[in-house]
Amino acid sequence: SIIETHKRLYRNAFLASDLILVLSSQWKEFIKNTLGISERVIVLYNPIISLPQVGKHYGKKKYILFAGTVDKRKGYHDLIASFSMVSMLFPDWRLLIAGNGEVEEGKSLAKRLGIDAKVEFLGWITGDTKDTVFGEASIYCLPSYAEGFPMSVLDAWAYGLPVVCTPVGGIMDVAKDGENIMLFNPGNIKML
């Protein structure tokens with residue numbers, strides 16, 4: 001089968017490597033269980049790249065931030081749907097979505113749910129814009145279905161943001177539900 005062919009190709013490539021770097025212990029286990037390789041597999045976590053500017057005061061604003069590729073695998077549609085369920089209870093809160101991808105689909109969903117005036121799509125952000133958006137956010141949410149180790153969660157933590165996330169990928173290597181993160185199951189809009 002094609003799956004077995006790809007397994008053989010990956011296994012042969014990995015066995016020919018001096019070292020296999022993965023983003024989390026979950027990926028290390030996956031390689032062990034799927035390909036039968038456990039030697040020379042090392043976890044190397046993503047570094048924090050975005051740091052708040054020293055001495056800069058960020059005035060917190062009432063918005064929930066999502067940053068990343070806007071695609072269904074990242075769960076942006078779940079976040080919009082969930083936000084629509086509570087937006088009437090919190091009329092002065094907004095949802096900011098930073099990233100590129102299925103932006104038009106996201107705008108269409110927000111419009112269908114009647115919250116398009118409260119959902120803003122920023123596009124891909126970098127530099128001072130990214131610094132300001134993360135610095136002024138009140139909550140960071142990543143409702144992803146699959147991850148390696150999400151850089152955006154590291155960014156959010158660097159800015160001291162409370163993080164709401166799904167228990168996927170490398171996040172589980174450092175997540176302590178209720179302590180440094182609030183976890184919910186992927187696709188569970190009510191729980192979110």
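Numbers here simply count residues along the sequence, with the first being 1.
W157 CH2: more than 12 foreign heavy atoms inside a 6.0 Å radius. A 6.0 Å sphere centred on NZ of K56 holds more than 12 heavy atoms belonging to other residues, nucleotides or ligands. Atom NZ of K62 has 12 or fewer neighbouring heavy atoms from other residues, nucleotides or ligands inside a 6.0 Å radius. More than 12 heavy atoms of other residues, nucleotides or ligands shown are found within 6.0 angstrom of NZ on K60. At most 12 heavy atoms of other shown residues, nucleotides or ligands fall within 6.0 angstrom of atom CE in M182.
With no hydrogens or angles considered, no side-chain donor-acceptor pair links S24 and D173 at under 3.5 Å. Under 3.5 Å, the side chains of Y140 and D155 contain no donor-acceptor pair of N or O atoms.
Distance alone, capped at 3.5 Å, places no donor-acceptor pair between the S108 side chain and the E104 backbone. Distance alone, capped at 3.5 Å, places no donor-acceptor pair between the D131 side chain and the G127 backbone. Remark: side-chain polar atoms of S144 are paired, donor with acceptor, to backbone N or O of A146 under 3.5 angstrom. When atom types are taken as modelled, the side chain of S84 and the backbone of A81 share a donor-acceptor pair closer than 3.5 angstrom. Judged by distance alone, with hydrogens and angles left aside, the side-chain atoms of S82 form no donor-acceptor pair with the main-chain N or O of D78 at under 3.5 Å.
Separation of atoms OG1 (T166) and CE (M172) is listed at 9.5 Å; rounding is to 0.5 Å. Interatomic distance, L21 CG to W27 CH2, rounded to the nearest 0.5 Å: 14.5 Å. Here the CD1 atom belonging to I80 is positioned 13.5 Å from the NZ atom belonging to K118, to the nearest 0.5 angstrom. Remark: I171 CD1 to I181 CD1 distance equals 4.5 Å, nearest 0.5 Å. Summarising the geometry, atom CD belonging to E102 is positioned 14.0 Å from atom NZ belonging to K107; distances are rounded to the nearest 0.5 Å. The CZ atom of R40 sits 5.5 Å away from atom CD1 of I20, with the distance rounded to the nearest 0.5 Å.
Residues L122 and E120 approach most closely at CD2-OE2, 3.3 Å, considering heavy atoms. The minimum heavy-atom distance between F66 and L79, with the atom names listed, is CB-CD2, 3.6 Å. Closest approach of E147 and R73 over heavy atoms only: N-NH1, 4.4 Å. Between L192 and C141, the closest heavy-atom pair is CD1-SG, 3.7 Å. Nearest heavy-atom pair, G135 versus Y58, reported as atom, atom and distance to 0.1 Å: O-CB, 3.1 Å. Residues I125 and K130 approach most closely at CD1-CA, 3.7 Å, considering heavy atoms.
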Original post:
Taking it one step at a time, do K61 and Y63 satisfy side chain to side chain contact (heavy atoms under 4.5 Å, CB included)?
Top reply: CA-CA 6 Å; K61 296 186 178 174; Y63 64 80; 3.7 Å; yes
Original post:
Could you go step by step and tell me if V41 and K32 meet the side chain to side chain contact (heavy atoms under 4.5 Å, CB included) rule?
Top reply: CA-CA 9 Å; V41 181; K32 179 181 176 185; over 6 Å; no
Subject >> Intermediate values then yes/no, side chain to side chain contact (heavy atoms under 4.5 Å, CB included), F149 and V174 >> reply: CA-CA 10 Å; F149 198 101; V174 294; 3.8 Å; yes
Original post:
Please walk me through it: do V163 and N180 pass side chain to side chain contact (heavy atoms under 4.5 Å, CB included)?
Top reply: CA-CA 7 Å; V163 173; N180 63 356; over 6 Å; no
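The side chain to side chain contact (heavy atoms under 4.5 Å, CB included) test with L95 singles out one residue from L65, V119, I115, and that residue is V119. Exactly one residue among L142, L161, V164 makes a side chain to side chain contact (heavy atoms under 4.5 Å, CB included) with V153. That residue is L142.
Tracing side-chain contacts under 4.5 Å through hydrophobic residues (I, L, V, M, F, W, Y), one reaches I64 starting from L89; they form part of the same cluster. Hydrophobic clustering of Ile, Leu, Val, Met, Phe, Trp and Tyr side chains at less than 4.5 Å, counting indirect connections, keeps L19 apart from I37. Note on F134: it does not cluster hydrophobically with W124, by side-chain heavy-atom contacts below 4.5 Å among ILVMFWY residues. M88 and L109 fall into different hydrophobic clusters, where Ile, Leu, Val, Met, Phe, Trp and Tyr are joined by side-chain heavy atoms under 4.5 Å apart, directly or via other members.
A heavy-atom distance below 4.5 Å is not found between the side chains of S138 and P162. The shortest side-chain heavy-atom distance between I139 and W93 falls under the 4.5 Å cut-off.
Below 30°, between 30° and 60°, or above 60°: for H77 and Y145 the angle between ring planes is below 30°, a parallel geometry. Aromatic ring orientation, Y10 versus F14: tilted (interplanar angle from 30° to 60°).
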